[in-house]
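Below: the structure, in structure tokens.
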Amino acid sequence: AVQLDAMKSYQPFEKLGVVYNPKEANTKFMLEDLTAEATKLGLTLLVESVGLTEAGDPDPTTLAPRIQRLKERGAQWLYLGPDTFVAFTHRQVTTEAAVRAGLPAFSANESAIRDAHSLFGLFSPVENMARFVAFKAALILKGEKKVADVPIETLQRFSVLVNMCVAKTLKAYPP
């Protein structure tokens with residue numbers, strides 16, 4: 001919800017595109033959550049699955065055509081969620097294809113903004129996540145909590161980052 005609100009604040013939209021790797025279990029959860037949030041906000045979610053090789057592995061050569069198809073279907077943003085194959089390992093291919101298609105990419109992965117061509121992102125910096133993990137580990141190591149009693153939580157403070165080179169290319173300047 002926070003990510004979609006940030007995207008709508010940057011540039012309003014009605015159709016959100018996402019490319020995902022069907023071989024990654026976490027993308028199934030991401031798609032379920034994204035679908036629920038998009039429905040709440042009255043957004044149309046356009047989904048494309050990464051193609052697979054004959055061996056059944058995700059094929060990076062299918063990323064650009066899938067992204068172009070999302071644009072042709074009316075996507076106004078490309079959402080890069082917690083998909084290692086799409087948003088991290090092949091972030092250059094993914095984000096360059098988005099720019100070529102004239103599609104701004106949102107990422108929760110800092111490196112896809114700093115080191116690739118995502119337009120914009122809202123994320124918890126790695127340093128903050130590391131401190132949070134260390135805090136949780138200390139609770140266990142000091143004997144203050146059992147592993148089963150440590151709640152699964154996410155950070156509630158985020159950083160916003162805009163790739164101004166991409167903003168200039170897409171003529172999608174921050175509000």
Side-chain angles (χ1 to χ4, degrees), residues 1-22 24 26-50 58 60 62-129 154-175:
V2 172
Q3 293 174 343
L4 294 177
D5 285 343
M7 292 168 68
K8 287 186 95 159
S9 294
Y10 190 103
Q11 182 176 302
F13 65 100
E14 296 173 359
K15 294 183 179 183
L16 178 62
V18 63
V19 176
Y20 76 99
N21 174 9
E24 284 189 45
N26 62 324
T27 62
K28 293 173 187 166
F29 299 117
M30 177 268 296
L31 282 174
E32 289 172 9
D33 291 346
L34 192 57
T35 299
E37 290 300 325
T39 301
K40 285 182 198 174
L41 294 172
L43 301 172
T44 300
L45 186 62
L46 305 172
V47 179
E48 292 283 342
S49 173
V50 172
T62 66
L63 287 166
R66 297 300 199 274
I67 291 166
Q68 182 61 43
R69 188 167 25 208
L70 285 171
K71 178 66 175 177
E72 291 166 1
R73 291 174 60 198
Q76 296 161 293
W77 275 98
L78 176 64
Y79 178 82
L80 302 179
D83 185 311
T84 305
F85 182 83
V86 174
F88 185 75
T89 305
H90 297 286
R91 64 186 175 271
Q92 286 289 351
V93 173
T94 302
T95 58
E96 286 173 7
V99 169
R100 277 194 309 277
L103 194 58
F106 173 91
S107 180
N109 176 348
E110 183 177 3
S111 64
I113 306 158
R114 289 194 190 280
D115 305 333
H117 299 91
S118 283
L119 170 64
F120 167 65
L122 184 70
F123 56 90
S124 296
V126 173
E127 301 84 19
N128 293 355
M129 288 188 287
T154 186
L155 294 172
Q156 297 300 311
R157 296 179 70 192
F158 305 100
S159 293
V160 173
L161 184 61
V162 177
N163 183 325
M164 288 304 294
C165 292
V166 174
K168 288 177 186 176
T169 300
L170 294 176
K171 295 183 176 42
Y173 300 102

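Just the heavy atoms: all of them, side chains too, but no hydrogens, waters or symmetry mates, feed the values below.
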Atom of Gly81, atom of Ala87 and distance for their closest heavy-atom approach: O-CB, 3.3 Å
List for me each residue that meets salt bridge (Lys or Arg N to Asp or Glu O under 4.0 Å) alongside Arg100, sequence neighbours excluded, and say none if there are none. none
Return yes if some donor-acceptor pair links the side-chain N/O of Gln3 with the main-chain N/O of Gly121 below 3.5 Å, else return no. no
Looking only at atom types and distance, does a side-chain atom of Asp83 sit under 3.5 Å from a main-chain N or O of Thr27, one as donor and one as acceptor? no
4.5 Å side-chain heavy-atom contact, Pro175 and Tyr10: yes
Leu80 side chain near Ser118 side chain, heavy-atom distance below 4.5 Å: yes
Given side chains that start at C-beta, do those of Phe120 and Pro104 come closer than 4.5 Å, heavy atoms only? no
Give the intermediate values and the outcome of side-chain contact (heavy atoms from CB on, under 4.5 Å) for residues Leu78 and Val19. CA-CA 8 Å; Leu78 176 64; Val19 176; 4.3 Å; yes
dist Cys165:SG -> His117:NE2 (nearest 0.5 Å) comes out at 8.0 Å
Side-chain donor-acceptor pair present, Glu48, Tyr20, cut-off under 3.5 Å: no
Testing the basics here: between Leu31 and Val18, what is the closest heavy-atom pair and its distance to 0.1 Å? CD2-CG1, 3.8 Å
Could you state the interatomic distance from CG (Leu46) to CD (Glu72), rounded to the nearest 0.5 Å? 12.0 Å
For Met30 versus Pro82, what's the shortest heavy-atom pair and its separation? CG-CD, 3.4 Å
Any Leu119 side-chain heavy atom under 4.5 Å of Phe106 side chain: no
How close do Pro174 and Val162 get, heavy atom to heavy atom, and via which atoms? CG-CG1, 3.9 Å
By salt bridge (Lys or Arg N to Asp or Glu O under 4.0 Å), which residues pair with Lys40, not counting sequence neighbours? Glu37
Rounded to the nearest 0.5 Å, what's the gap from OG on Ser107 to CZ on Phe88? Could you check? 10.5 Å
For a 4.5 angstrom cut-off between non-hydrogen side-chain atoms, does Leu4 reach Met7? yes
Using modelled atom types and a 3.5 Å cut-off, is there a donor and acceptor pairing between side-chain atoms of Gln68 and backbone atoms of Ala97? no
Please check if the side chain of Trp77 supplies one atom and the backbone of Gln11 the other of a donor-acceptor pair under 3.5 Å. yes
First locate atom CG of Leu103, then atom OG1 of Thr95, and finally report the distance between them rounded to the nearest 0.5 Å. 11.5 Å
Looking at Phe158 and Leu122, what are the two nearest heavy atoms and their distance? CB-CD1, 3.6 Å
Sequence neighbours left out, what passes side-chain contact (heavy atoms from CB on, under 4.5 Å) with Glu14? Give chain and number order. Gln76
Given Lys15 and Leu43, is the side-chain contact (heavy atoms from CB on, under 4.5 Å) satisfied, shown in steps? CA-CA 6 Å; Lys15 294 183 179 183; Leu43 301 172; over 6 Å; no
Val50 backbone acceptor or donor facing Thr62 side chain under 3.5 Å: no
Within the distance-only criterion (no hydrogens, no angle test), does the side chain of Arg73 pair as donor or acceptor with the backbone N or O of Val47 below 3.5 angstrom? yes
Flag if over 12 foreign heavy atoms under 6.0 Å of OH, Tyr173: yes
Would you give the length of the straight line joining atom CD1 of Ile67 to atom OG1 of Thr94, rounded to the nearest 0.5 angstrom? 5.0 Å
Are Ser111 and Asn109 close enough that a side-chain donor and a side-chain acceptor fall under 3.5 Å? yes
Judged by atom type as modelled, is there a donor-acceptor pair below 3.5 Å linking the side chain of Asn163 to the main-chain atoms of Ile113? yes
For the residue pair Val86 and Leu63, establish whether any side-chain heavy-atom pair is separated by less than 4.5 Å. yes
